[in-house]
Amino acid sequence: MQRSAGLYGSLIVDVAEGEKEPFEYDGEFNLLLSDWWHKSVHEQEVGLSSNPFRWINEPQSLLINGRGQYNCSLASRYNSSAALPECSLGGGEQWAPNVLKVLPNKTYRLRIASTTSLASLNLAIGGHNVTVVEADGNYVQPFSTTDVDIYSGETYSVLFTTNQNPDENYWISVGVRGRLPQTPQALALVNYLPNHASKFPTSPPPVTPQWDDYNRSKAFSNRIQGLEGTTPPPPADYDRRIMLLNTQNTIDGLTVWAINNVSLSFPPTPYLGALKYGIKAAFDQTPPPDTFPDWYDIMSPPANPNATTGNAIYTLDFNSTVDVILQNANTLQPNDSEIHPWHMHGHNFWVLGYGDGKFQRGDEKLFEKAGRRPPLKNTAVIFPFGWTALRFVADNPGAWPFHCHIEPHLHMGMGVVIAEGVEFLADVPRETLSCGLTGMMFSGNGEEGHN
Ligand SMILES: O=C1O[C@H]([C@@H](O)CO)C(O)=C1O
């Protein structure tokens, strides 16, 4: 839950010297999106680990570059029946919206990242379309859109051209999708120079699309395709196909999430050191299941809600091609299934496709849909009652979390660990060995080891 407490930032990776990007722009801005609770993360964590379970509920504010408002809304100026009063800004407040100073008739790159703890977001710029050019650090086939869906863990670059009336300023708005919104939009200002930033836009902030219009969300996700000429996925050699069923369960009265009925609980000994030094006692050596029973009904709450806790890992053959089918299901409540953005460390994967219902053998044919170029990403969403198919090459020696990027969901066990090629690791940094059994092993007397 550390990210929920504010432990995040963004890194910009520039292209190498002499390399050119496949698009041009005159200036750039960085928009880091997050959500904010008034309850401390400690209190949130205790609630999540309690019986009865106390959910964190929806955030109090959405933040753009750490700035957001509470108990008032800048948007209410445009809507006299708004539930919130209008914020009165004097100037210079820490919570004042970010201002993006632009010149007319230029093209700007927005680097957008979502580090939200929970919220799925949608971003739009009043009066301007944007062109999506990059997703999760990979170039995509450019396409123009009025707004962008962004899930926790994702990053995008979009271009926009300041081709609107230069006498006006414009709002950038960010709102919640995928869960019933209880949080006002976050706003930032596009300030066309030489207008003053205090000049209020005459048009209201763009309205966030209906939160549960999943067809709209799917249409957006399906528009993300690899840039023409970039590496396509290798053909399926079915070295390995792992089916991961996502369920909400109970263990000893606690509410958890489980993957193939195993709720991940990280062991005190870091995996990397345990693997490198062959410390078998560090975690369960029986691999977790590669699939789930055929008869599982994803449209209903689990018939048997019990799950088990585990810390075993998926060991992959080095350089093998692996397909993963992430299968969503009904939660513990009837007629309820939620969005989960799955994020993989250490790899990019190709997003082969999204589907509704239960994945069936033969659905892989959908992957080869004519003309579709699967994009390379490191985060991909699963839609309610649907599945998402991914392919990656296990070519990065190490042990890597692959998990729901919703922070409380990972806390509740929604993740797996994959490992490959550990024998090729020349060295394991000492700093990663200071806990659990490796801590005792390397500190000599065990006193420096932390559990
Ligand atoms: O993990 C979750 O728990 C709650 C709800 O399912 C039970 O209170 C919720 O909305 C989640 O995303």
Side-chain angles (χ1 to χ4, degrees), residues 1-5 34-39 41-62 114-121 149-154 175-183 210-212 214 217 244-266 297-309 326-343 379-386 388 401-416:
M1 295 292 281
Q2 289 177 329
R3 202 180 70 246
S4 302
S34 48
D35 44 9
W36 186 250
W37 278 255
H38 290 180
K39 210 183 244 188
V41 282
H42 176 67
E43 212 181 326
Q44 292 180 37
E45 192 169 332
V46 168
L48 294 170
S49 308
S50 294
N51 182 3
F53 175 72
R54 291 191 303 276
W55 176 238
I56 62 164
N57 297 319
E58 297 301 306
Q60 274 68 58
S61 299
L62 298 178
S114 173
T115 63
T116 55
S117 180
L118 176 66
S120 302
L121 301 173
D149 283 336
I150 178 162
Y151 300 95
S152 182
E154 288 190 319
V176 171
R177 302 210 64 205
R179 305 179 65 96
L180 179 64
Q182 290 172 34
T183 316
Q210 176 69 21
W211 71 275
D212 57 354
Y214 292 114
S217 313
L244 299 176
L245 174 68
N246 292 231
T247 53
Q248 200 181 29
N249 298 83
T250 50
I251 297 178
D252 297 333
L254 301 181
T255 305
V256 301
W257 291 93
I259 306 306
N260 294 349
N261 221 41
V262 182
S263 184
L264 179 65
S265 167
F266 287 113
D297 175 10
I298 67 137
M299 301 306 287
S300 310
N304 171 2
N306 291 330
T308 57
T309 303
L326 290 163
Q327 176 69 61
N328 209 343
N330 200 105
T331 63
L332 290 167
Q333 287 104 40
N335 304 312
D336 183 45
S337 182
E338 299 181 350
I339 284 219
H340 303 283
W342 273 77
H343 172 67
T379 304
V381 72
I382 53 174
F383 291 105
F385 301 108
T388 298
F402 177 36
H403 60 95
C404 176
H405 208 267
I406 291 177
E407 194 79 333
H409 286 181
L410 175 58
H411 181 81
M412 292 160 74
M414 198 168 203
V416 297

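Keep in mind that the numbers below use all heavy atoms, side chains included, and drop hydrogens, waters and symmetry copies. Each residue takes its place number in the sequence, starting with 1. Ligands are counted one by one from 1 in listed order, and the atoms in each one are counted from 1 as well.
The protein non-hydrogen atom at the shortest distance from atom 4 (C) of ligand 1 is Trp55 CD2, 3.5 Å. The nearest protein atom to atom 5 (C) of ligand 1, hydrogens excluded, is given as Gln248 NE2, 3.9 Å; this is a heavy-atom distance. Of all protein heavy atoms, the one lying nearest to atom 10 (O) of ligand 1 is Arg179 NH2, 2.6 Å. What sits closest to atom 8 (O) of ligand 1 on the protein, heavy atoms only, is Phe53 CE2, 3.5 Å. Distance from atom 12 (O) of ligand 1 to its nearest protein heavy atom, with residue and atom name: Glu338 OE1, 2.6 Å.
Close contacts between ligand 1 and Gln333 involve ligand atoms 6 (O), 7 (C) [criterion: under 4.0 Å to a heavy atom]. Under a 4.0 Å criterion applied to the non-hydrogen atoms of Met412, ligand 1 contributes the atoms 1 (O). Contact atoms of ligand 1 toward Trp257: 1 (O) (distance under 4.0 Å to a heavy atom of the residue).
The shortest N or O to N or O distance between His409 and ligand 1 is below 3.5 Å.
Side chain to side chain, His411 and Ser49 meet the donor-acceptor criterion of an N or O pair below 3.5 Å. For His340 and His409, the side-chain atoms include at least one donor-acceptor pair closer than 3.5 Å.
Within the 3.5 Å criterion, the main-chain N or O of Gln210 finds a donor-acceptor partner in the side chain of Arg177.
Atom NE2 of His38 sits in a crowded spot, with more than 12 heavy atoms from other residues, nucleotides or ligands closer than 6.0 Å. For Asp336, the CG atom counts as densely surrounded, since its 6.0 Å shell holds more than 12 non-hydrogen atoms of other residues, nucleotides or ligands. By the 6.0 Å contact criterion, CG on Asp252 is open, its count of non-hydrogen atoms from other residues, nucleotides or ligands being 12 or less.
Counting heavy atoms from C-beta on, the side chains of Tyr151 and Ile339 come closer than 4.5 Å.
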